[in-house]
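Please read the structure below before turning to the comments.
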Amino acid sequence: MTSLPYPYTIRVDAEDKVRGKPIYAADDNRPGLLHAALAVSTIAKGRITDIDTQAASAVHGVRLVLTHKTMGAAKSAGFIMGGGYGFQSLQPMLSPAIAYRGQPIALVAAETLEQAVESAHLVRARYAEEPFGVSLDAPGVEVVHQADTPLKNFIPEIASGDADQALSKAPVKIDAVFKAPPQHQNPMELIASVAEWRGNKLTVHEGTQNAEAVRHGVATALGIAPEQVEVISPYLGGGFGQKNSLQMQTLLAAVAARETGRPVKLVVPRATLFHAASFRPESRHHIRLGAERTGKMLAAIHEVDAQTSRHDLFPGEYTATSSRLYGFGSFRGVERLVRTDVQTPGYMRAPFEHPACFAMECCVDELAYSLGQDPVALRLANDTDTDVATGLPFSSRYLAECLKRGAELFGWTRRSMAPRSMRAKDGSAIGWGVAVGAYPGLTTPAVAHLKADEDGCVVISIGGHEMGQGIRTSLANTVSRKLGVLPEKVRAVIGDTRAAPQHLTAGSWGTASAIPAAEDAADAMLMALAEMSPAGIADRTPAEILKAAGRRTLEVEVQRKPPGQPDEILGRLRAGLPSVAGPVYRSHVTFSYIAHFVEVVIEPGTRRIRVPRVVSVADCGRVISPRTAASQVRGGVVWGIGAALRESSEVDPRYGGFLNADLADYVLPVNADIGSIDVEFIDKPDPVFNRSGVKGLGEVAMTGVAPAIANAVFHATGRRLRDLPVRIDHLL
Amino acid sequence: MQTFSYTRAETVEDAVRSVAGAGPRTCFIAGGTTLYDLMKLNLETPNKIVDITGLRDLNHIDAGGHSELVFGALARMSDVAAHPQIADEYPAISESLWRAASQQLRNVATLGGNLLQRTRCVYFRGGEPFACNKRDPGSGCAAQQGNDRGHALLGGSSSCVAVYPGDLAVALVAFDAKIDVLGVTGERTIAVEALHREPGTSPNVETTLKSGELILRVRVPKTTMGRASTYHKIRDRESYAFALASAAVALDMDGDTVRDARIAIGGLATRPWRARAAEQVLAGKTLSQRTARQAGDAALHEAKPGRNNSFRIELGARTVADALMIARQRA
Ligand SMILES: Cc1cc2nc3c(=O)[nH]c(=O)nc-3n(C[C@H](O)[C@H](O)[C@H](O)COP(=O)(O)OP(=O)(O)OC[C@H]3O[C@@H](n4cnc5c(N)ncnc54)[C@H](O)[C@@H]3O)c2cc1C
Ligand code: SF4
């Protein structure tokens with residue numbers, strides 16, 4: 001079955017979405033609802049010495065003002081990368097300590113949103129301020145070598161051969177430093193929670209990528225049993241890693257709901273989001289690349305400084321991907337974390353891989369030019385079947401195919417190599433650039449429950465979250481093909497802790513984890529159907545078989561864990577803890593790959609940089625839902641265009657926090673910035689990775705876009721711009 | 001948001017009477033796209049709002065007159081932008097609206113409100129803890145030692161360097177447009193160029209309007225130069241962004257020779273900025289890449305760079321030069 005490509009079916013929830021049917025937490029308007037608003041810290045670090053809520057409490061309609069003094073017994077749910085459930089270990093409003101500007105200091109719940117907002121404006125705090133630093137180079141920040149921390153136990157440094165020696169002997173060397181700024185996910189759906197108590201049971205409605213962490217996290221924070229908490233999250237209006245663990249607002253809403261005896265809705269406004277949720281940390285990359293004159297890569301050393309918070313070590317995994325791009329003769333990766341006074345950064349789409357590929361792939365372009373070799377040819381010549389870091393084979397790797405097919409679609413042979421050699425009729429400089437990207441092949445355990453009934457409906461309940469990536473459609477396609485029912489007859493129940501354990505959906509492991517489990521469940525169902533049907537099941541639907549057997553429904557449940565993982569991993573799944581395996585498995589290493597080809601056009605006068613054309617070819621194993629997959633890649637490319645040319649969270653060192661905290665000043669691309677994006681897939685299954693042959697796609701889509709653009713800008717202008725974003729400012 | 005009272009004005013006199021003398025916390029509301037935004041940021045805290053959108057006689061576009069284009073203050077940005085005669089005969093005005101905000105905003109925003117939009121300075125809009133003389137007179141100006149990539153190069157003072165962000169006013173200034181305003185003492189006429197103040201020592205006072213004065217209409221003297229005009233806007237993305245630099249230019253050509261040029265620049269100054277020195281550079285000259293660039297340099301001649309915005313001097317000069325070449329094609 002897996003050998004056949006899947007058809008181009010439409011998104012199963014497309015019509016509902018267009019009609020505005022899915023209800024998100026922020027849309028909730030249940031009877032009795034109180035609206036909450038936050039007051040936030042105006043200082044960058046220190047302590048609250050005095051907080052005055054009198055005026056705030058006096059506003060008409062206000063039912064509750066919560067501060068650290070009135071939160072009652074609650075504790076932090078811990079940091080998700082430190083054994084806990086939260087995006088950071090710091091839960092605001094549990095103490096007077098202020099770790100960053102914008103940290104919530106009070107919550108108001110009122111009958112209307114307007115009353116809550118007015119009241120929150122009236123909360124007055126006095127502080128004792130302390131010195132702070134928000135950027136990598138700020139005075140007073142603390143640099144930590146990741147290898148000297150317990151993180152080394154699950155993120156080992158990448159080292160293969162003697163890279164320093166090989167580099168020193170290499171006849172051709174590139175040595176360059178690249179910078180990527182902090183960036184913030186800005187999903188259309190703001191982070192929001194609705195909390196409601198019935199007796200001692202709490203229900204949370206919230207768009208999240210990790211309903212189980214919200215459930216266990218709130219329970220931990222409140223000191224109640226997880227059984228007392230339900231989390232319902234049928235849809236997210238975009239997650240991009242921002243909603244991948246317990247956010248700070250859920251506990252606040254839960255406490256407010258408990259104190260008032262009313263359901264409470266807390267929607268975190270855009271400006272607060274820049275300080276209240278995770279973001280892509282600032283990073284700096286020093287790369288040294290050594291090669292033979294033939295172009296054979298002998299050594300690469302990739303040293304990274306990446307921002308973390310004072311209170312948590314957000315692990316850096318940059319070199320885990322840069323080391324997999326080529327058959328480097330030797331490699332040494334160094335990850336340093338820089339403690340700064342911000343909320344803890346997190347996993348924004350292709351969190352490490354976008355900046356890591358930017359740095360490495362720009363370097364490889366520099367190498368191509370210093371050798372006078374075609375950038376595609378140089379990449380092909382350094383392709384490998386064997387992972388440099390471990391010596392293991394890759395389970396599948398069609399990167400060369402991506403490059404060759406992309407070059408063909410793009411018309412790469414018509415490119416002239418010399419910078420500044422291609423021009424449009426109006427005098428605009430044209431640049432063609434290429435770069436590749438990769439992303440680890442990760443998997444998690446999953447429990448799948450499948451139910452078929454005599455009316456022909458099939459319901460699959462499984463761990464997973466729909467954030468627009470199309471997991472409902474992938475599940476429908478898979479179950480429909482296995483059981484011979486129409487995709488529209490398959491309903492997926494996901495994002496619901498009542499239905500199945502809900503592992504974090506992130507890291508591009510959603511499809512690779514859920515689809516094989518769904519196939520297992522379908523097999524279990526086919527076996528059960530065969531048992532009840534002596535006449536055989538060929539060419540018969542489950543409904544027909546059930547009817548013939550006089551049965552109304554049939555239910556099966558399976559659980560599946562990643563290869564080589566102990567059974568305990570299923571316990572972690574049920575406890576809401578991250579239970580991720582890969583990309584290194586016992587006998588192989590798995591990555592997804594992509595190649596991007598980009599055309600930029602730069603005006604002669606005002607030097608605006610446009611991207612009229614992108615061709616992207618991806619190797620994500622078997623494509624389960626071609627339509628939503630292509631849409632994923634286009635979205636990744638759009639984000640890459642934003643990351644290369646526009647997005648940056650600015651810091652004013654005098655004030656801390658982030659400055660351009662709204663959608664007017666944090667410049668995301670708009671439709672008018674986007675030209676044609678042609679997407680193709682290699683669509684060859686990876687049967688070693690899992691039975692369905694699928695690898696991840698959502699994250700790899702974005703990797704490599706930014707360097708392809710920067711390389712194209714070099715081709716157009718002859719200038720190497722190594723700091724993102726590349727703007728008009730740099731080209732005049 | 002604070003509680004406020006809301007009334008709808010029935011007549012222009014009624015509107016003026018309700019606002020004039022009622023104190024600074026009473027204001028008109030038209031499309032609301034600026035006012036509500038600033039209320040949500042707690043930067044405007046009116047206790048009384050007088051809705052003028054029912055004033056039918058302010059909602060007109062009259063392009064057929066002999067000597068003037070007349071736009072009612074309530075004409076919507078989208079309607080003026082899409083008006084075929086304006087697009088044809090005064091492309092600079094049409095483009096200044098097309099290239100502003102988004103279609104949704106243009107569908108509700110009015111010309112009167114557009115002229116009175118306030119700066120996008122992040123330190124102003126960000127509220128506490130940023131020092132800002134415009135928001136909190138005497139508190140200082142955070143921008144001048146901070147990130148001033150988007151701040152003014154022209155017309156600033158040590159008190160404030162906030163850019164006037166609007167596009168339409170720049171085009172209007174190029175065409176010597178005027179507005180008629182009604183106050184308690186009657187109607188008067190102000191050149192659009194004289195509407196916005198430079199910050200000087202009182203950046204909180206942004207216009208020359210008196211309390212309660214209502215903009216009735218915008219009048220643009222008709223000129224054949226309108227056809228050879230453009231509004232050229234350079235920004236960080238292709239749409240839905242304010243100008244890093246913009247230029248409204250109009251030309252009167254005699255063959256290759258410039259008989260008359262109008263040049264105003266936007267996004268670079270604390271108010272819509274007519275660049276007369278640049279106009280003079282061109283008068284009587286052959287228009288070429290070189291003279292266009294000289295005009296651009298003249299327009300930015302007095303620019304004072306801050307910490308991060310000096311690139312916009314070069315950008316501004318090139319924007320003017322490119323705008324002139326675009327307008328030339330239309331002459
Ligand atoms: C996200 C965003 C992007 C934008 N981008 C741009 C852009 O690129 N370029 C651009 O030029 N603009 C831009 N704008 C600004 C937009 O054009 C203005 O908000 C709009 O034109 C204001 O018109 P309004 O009718 O909504 O004004 P309102 O919000 O109703 O009023 C604005 C102010 O004018 C006063 N007022 C209104 N009418 C009158 C009158 N007749 N007489 C006296 N006082 C009056 C009100 O009291 C208020 O103080 C943007 C706005 C937003 C929100
Ligand atoms: S430039 Fe003007 S508006 Fe901006 S901070 Fe300074 S005083 Fe305030």
Side-chain angles (χ1 to χ4, degrees), chain A residues 37 40-44 59-61 101 112-122 127 129 269 271 427 603-608 610 641-642 645-648 650-665 667-674 725 727-732, chain B residues 1-4 37 39-42 45 99 101-102 120-123 125-131 142-143 145-150 165 232-242 244-247 289 292-293 296 308-323 325-326:
Chain A
V40 301
S41 164
T42 54
I43 66 158
V59 171
H60 182 72
R101 183 164 70 78
T112 70
L113 178 61
E114 289 77 9
Q115 291 162 345
V117 170
E118 179 185 354
S119 167
H121 274 305
L122 295 172
Y127 305 92
E129 294 189 52
E603 281 180 324
T606 50
R607 311 298 275 165
R608 280 181 290 189
R610 275 131 173 175
I641 292 172
L645 301 176
R646 299 192 165 79
E647 286 180 58
S648 170
E650 290 155 21
V651 171
D652 183 326
R654 299 167 302 167
Y655 291 98
F658 298 99
L659 201 57
N660 50 337
D662 70 32
L663 287 184
D665 296 303
V667 190
L668 297 158
V670 293
N671 272 329
D673 294 310
I674 306 303
R727 286 181 171 161
I728 281 183
D729 318 21
H730 312 114
L731 290 179
L732 287 169
Chain B
M1 281 166 96
Q2 305 186 2
T3 314
F4 55 85
D37 177 33
M39 285 167 71
K40 286 195 253 177
L41 294 171
N42 217 28
T45 53
R99 292 174 180 168
S102 67
R120 303 294 306 189
C121 170
V122 288
Y123 299 100
R125 291 173 58 86
E128 252 190 294
F130 307 119
Q145 294 303 314
N147 186 341
D148 59 0
R149 178 175 183 266
H232 192 47
K233 181 175 178 182
I234 308 299
R235 37 190 162 165
D236 276 324
R237 59 185 163 204
E238 293 284 309
S239 172
Y240 198 41
F242 292 92
L244 287 169
S246 71
Q289 296 277 4
R293 176 59 206 235
N308 318 110
N309 61 2
S310 57
F311 79 97
R312 282 167 50 239
I313 298 178
E314 179 66 24
L315 183 66
R318 293 190 191 189
T319 304
V320 170
D322 283 0
M325 300 321 282
I326 296 168

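Sequence lines set the chain letters: A, B, ... in the order given, protein chains first and strands last, and positions in each chain run from 1.
- Nearest heavy-atom pair, B:Gln2 versus A:Glu118, reported as atom, atom and distance to 0.1 Å: CA-OE1, 3.4 Å.
- The shortest heavy-atom contact between A:Val670 and B:Ser239 is CG2-O, 3.8 Å.
- Taking A:Arg610, A:Arg101, A:Glu114, A:His121 one by one and counting their heavy-atom pairs under 4.5 Å with chain B, the maximum is reached by A:His121.
- Looking at A:Glu650, the atoms closer than 4.5 Å to chain B (heavy atoms on both sides) all sit in the side chain, from C-beta outward.
- With a 4.5 Å cut-off on side-chain heavy atoms, A:Leu659 and B:Phe130 count as touching.
- If you measure heavy-atom distances from B:Gln145 to chain A, the contacts under 4.5 Å come from both the backbone and the side chain.
- Proximity to chain B (any heavy atom under 4.5 Å) is shown, for A:Asp673, by both the backbone and the side chain.
- Both the backbone and the side chain of B:Ala142 come within contact range of chain A, with heavy atoms under 4.5 Å apart.
- Only the backbone of A:Leu663 comes within contact range of chain B, with at least one heavy atom under 4.5 Å from a heavy atom of that chain.
- In terms of heavy-atom pairs under 4.5 Å with chain A, the best-connected choice from B:Ile234, B:Asn147, B:Asn309 is B:Ile234.
- Contact of A:Pro604 with chain B is made through the backbone alone, with heavy-atom distances under 4.5 Å.
- Taking 4.0 Å as the cut-off between side-chain N and carboxylate O, B:Arg125 and A:Asp665 do not count as a salt-bridged pair.
- Most heavy-atom pairs under 4.5 Å with chain A, from the set B:Arg237, B:His232, B:Glu314: that is B:Arg237.
- Closest approach of B:Pro129 to A:Tyr655, counting heavy atoms only: O-CE2, 3.4 Å.
- Between chain A and the residues B:Asn42, B:Val122, B:Asp322, the most heavy-atom pairs under 4.5 angstrom are made by B:Asn42.
- Proximity to chain B (any heavy atom under 4.5 Å) is shown, for A:Ala664, by both the backbone and the side chain.
- For the options A:Ile728, A:Thr112, A:Asn660, A:Val651, heavy-atom pairs under 4.5 Å to chain B are most numerous at A:Ile728.
- When heavy atoms are compared at a cutoff of 4.5 Å, A:Asp652 approaches chain B solely by way of its side chain, counted from C-beta outward.
- Between the side chain of B:Arg318 and the backbone N or O of A:Thr606, no donor-acceptor pair lies under 3.5 Å.
- Considering only heavy-atom pairs separated by less than 4.5 Å from chain B, the leading option among A:Glu603, A:Arg654, A:His730, A:Arg646 is A:Arg654.
- Of all the listed residues (A:Ala271, A:Pro725, A:Ala672, A:Ala44), the one sharing the greatest number of non-hydrogen pairs under 4.5 Å with chain B is A:Ala672.
- Heavy-atom pairs under 4.5 Å with chain B were tallied for A:Val667, A:Leu732, A:Asp729; the largest tally goes to A:Asp729.
- Contacts between B:Arg149 and chain A at a heavy-atom distance below 4.5 Å involve the side chain alone, from C-beta outward.
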(Q) A:His60 vs B:Thr3, test: side-chain contact (heavy atoms from CB on, under 4.5 Å). Steps then yes/no. (A) CA-CA 10 Å; A:His60 182 72; B:Thr3 314; over 6 Å; no
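- Residues B:Lys233 and A:Arg608 share a closest heavy-atom pair of O-NH1, 3.5 Å.
- With a 4.5 Å cut-off on non-hydrogen atoms, A:Asp662 touches chain B through its side chain but not through its backbone.
- For chain A, the nearby parts of B:Ala131 are the backbone and the side chain; heavy atoms of each come within less than 4.5 Å.
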